[in-house]
Amino acid sequence: MHDDLLSVAAARAIVERSVVPLGSEEIGIEHALGRILAEDVVAPHPVPPFASSAMDGFAVTAGPAGRTLRIAGEARAGHPSRKSVRRGTAIAISTGAAMPDGADAVLQVELTSRPDPDHVTLSDDVAPGRNVRPAGDDMAAGAVVLRTGTRLGPAELGVAVSAGRATVRAGEQPSVAVVATGDELADPGEPLGPGQIHNSNAITLAGLAMHAGARVFTVTGAADTLADTEEALAVALEEADVVVISGGVSVGPHDHVKPALERLAVEQAFWRVALRPGKPTWFGHRDGTLVFGLPGNPVSAMVTFLLFARPALHALQGAPFAQPTRTARIATPVARNPHRDEAIRVSLRTDDQGTIVATPTGPQGSHILSSMVAADGLALVERGAEPLPAGAPVSVEPI
Ligand code: AMP
Ligand code: MG
């Protein structure tokens with residue numbers, strides 16, 4: 001009876017095969033944070049572009065301590081010296097200033113003294129290259145400094161700008177519609193009537209989608225009727241590349257998501273996964289639009305989004321579908337489910353031996369959303385008869 005449930009890996013493979021990456025577009029670097037590169041970025045020139053000083057001090061030729069040199073000029077950041085250094089002379093230099101011709105080292109100001117305003121005495125031996133940053137020390141001309149598929153964080157944007165870029169080619173952002181179903185849902189801040197709860201999934205799922213690089217353009221609610229569910233989903237399907245639905249996907253008499261999707265000609269790829277939490281997860285597509293029907297329990301909704309929808313959103317933008325994983329040791333014994341793989345919310349730390357330790361974040365009920373707050377990742381524990389002993393290796397997907 002349980003054997004007909006898809007494994008997490010098989011379900012993910014189905015999602016992966018359904019993804020056709022969107023196109024790419026040229027965007028200003030100031031809009032590129034979080035976007036996925038659709039080209040390799042090559043440094044057209046060395047970075048730094050010229051040899052420069054790593055210290056405030058004096059540009060000199062290498063030689064022994066005790067020399068007194070005439071100060072022939074000054075090199076400041078952005079203002080190279082037109083003079084060159086010769087035997088017997090030095091040029092005052094600031095951090096980041098281009099090395100003057102003739103100089104092959106810099107002695108920092110702290111190791112010098114000034115017998116008079118025009119001369120400097122060096123109190124240390126100076127080896128060639130001391131305190132000099134060579135041209136190309138960071139990036140060589142012609143080197144690929146960022147690769148296609150890289151997510152652009154603050155450091156990557158800085159690298160692109162250092163390599164001369166004001167624009168980059170990035171994968172288009174998928175548009176996401178979030179539809180939260182349930183008669184019990186009240187909007188944020190609304191007073192709760194009898195039997196009502198606040199709609200936390202809509203904001204959480206929208207946030208997860210934005211974190212995955214998507215544009216969330218609509219968040220709607222749907223009452224637990226077939227007509228209302230169908231109407232909300234019809235609008236979402238018209239507009240979005242990806243529709244994320246919360247709730248209404250189980251087998252209760254008031255679960256209308258599956259019949260509504262069927263009426264809207266969305267083709268089911270799978271329903272139900274051997275996963276805890278998240279068994280009722282539904283996935284399908286219509287034309288190019290991907291549809292994720294996620295269970296309404298807040299933890300289940302987050303876990304199934306992270307396992308199925310997040311990789312799809314990444315892949316639509318041209319990033320790898322596979323999520324990076326880390327191997328950790330589970331801190332406490334974990335009872336395993338004989339029929340379902342389990343996604344356990346864990347916090348991660350590194351112990352004295354350098355081992356990554358994964359500690360479950362408390363009660364793992366699918367309605368305990370606070371267990372998600374402290375979580376750094378999901379430990380994927382395969383189904384099995386025996387409990388997992390403390391110290392067993394687990395694969396963790398960072399959140
Ligand atoms: P369902 O998947 O519709 O059967 O819902 C399962 C559980 O999740 C129920 O306890 C619902 O009240 C709860 N739930 C459904 N939708 C949401 C939502 N948008 N925000 C918070 N909890 C929800
Ligand atoms: Mg419901």
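Both ligands and their constituent atoms are indexed starting at 1 by order of listing.
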Considering heavy atoms of the protein only, find what lies nearest to atom 4 (O) of ligand 1 and give residue, atom and distance to 0.1 Å.
-> Asp255 OD1, 4.2 Å
To the nearest 0.1 Å, how far is atom 22 (N) of ligand 1 from its closest protein heavy atom, and which atom is that?
-> Ile197 CD1, 3.3 Å
Check Ser200 against ligand 1 and report side chain, backbone, both or neither, counting heavy atoms closer than 4.0 Å.
-> both
Just need the protein heavy atom nearest to atom 5 (O) of ligand 1, so name the residue and atom and give the distance.
-> Gly296 CA, 3.7 Å
Short side-chain to backbone donor-acceptor contact, Thr95 and Asp56, under 3.5 Å | yes
With only distance considered, is Gly248 within less than 3.5 Å of ligand 1 through an N or O on each side?
-> yes
Could you tell me whether some N/O pair between Pro298 and ligand 1 is separated by less than 3.5 angstrom?
-> no
For ligand 1, is any non-hydrogen atom under 4.0 Å from Val249's backbone (N, CA, C, O), its side chain (CB onward), both, or neither?
-> neither
Under a 4.0 Å heavy-atom limit, does His198 contact ligand 1 with its side chain, its backbone, both, or neither?
-> backbone
May I ask you to check whether Thr361 and Ser347 show a side-chain donor-acceptor distance below 3.5 Å?
-> no
Would you please determine whether His254 falls within less than 4.0 Å of ligand 1 on a heavy-atom basis?
-> no
Should Asn297 be counted as touching ligand 1, given the test is an N or O pair under 3.5 Å?
-> yes
Below 4.0 angstrom from a heavy atom of Ser246, which ligand 1 atoms are there? Numbered from 1 as shown, please.
-> 16 (N), 19 (N)
Check: Arg76/Ser94 side-chain N/O donor and acceptor closer than 3.5 Å | no
If you round to the nearest 0.5 Å, how far is CZ of Phe283 from CZ of Phe270?
-> 6.5 Å
Among non-hydrogen protein atoms, atom 17 (C) of ligand 1 lies closest to Asn201 ND2, 3.3 Å
Is a salt bridge present between Arg147 and Glu39, judged by a nitrogen-to-oxygen distance below 4.0 Å?
-> no
The single option from Asp104, Asp124, Asp125 passing side chain to side chain donor-acceptor pair (under 3.5 Å) against Arg130 | Asp124
The closest protein heavy-atom partner of atom 12 (O) of ligand 1 is Glu184 OE2, 2.6 Å
Arg345 side chain to Gln364 main-chain N or O, any donor-acceptor pair under 3.5 Å?
-> yes
Electrostatic pair Arg35-Glu172, nearest N-O below 4.0 angstrom = no
salt_bridge(Arg349, Asp376) N-O dist < 4.0 Å = no
Contacting atoms of ligand 1, where contact means under 4.0 angstrom from a heavy atom of Asn199 | 18 (C), 19 (N), 20 (N)
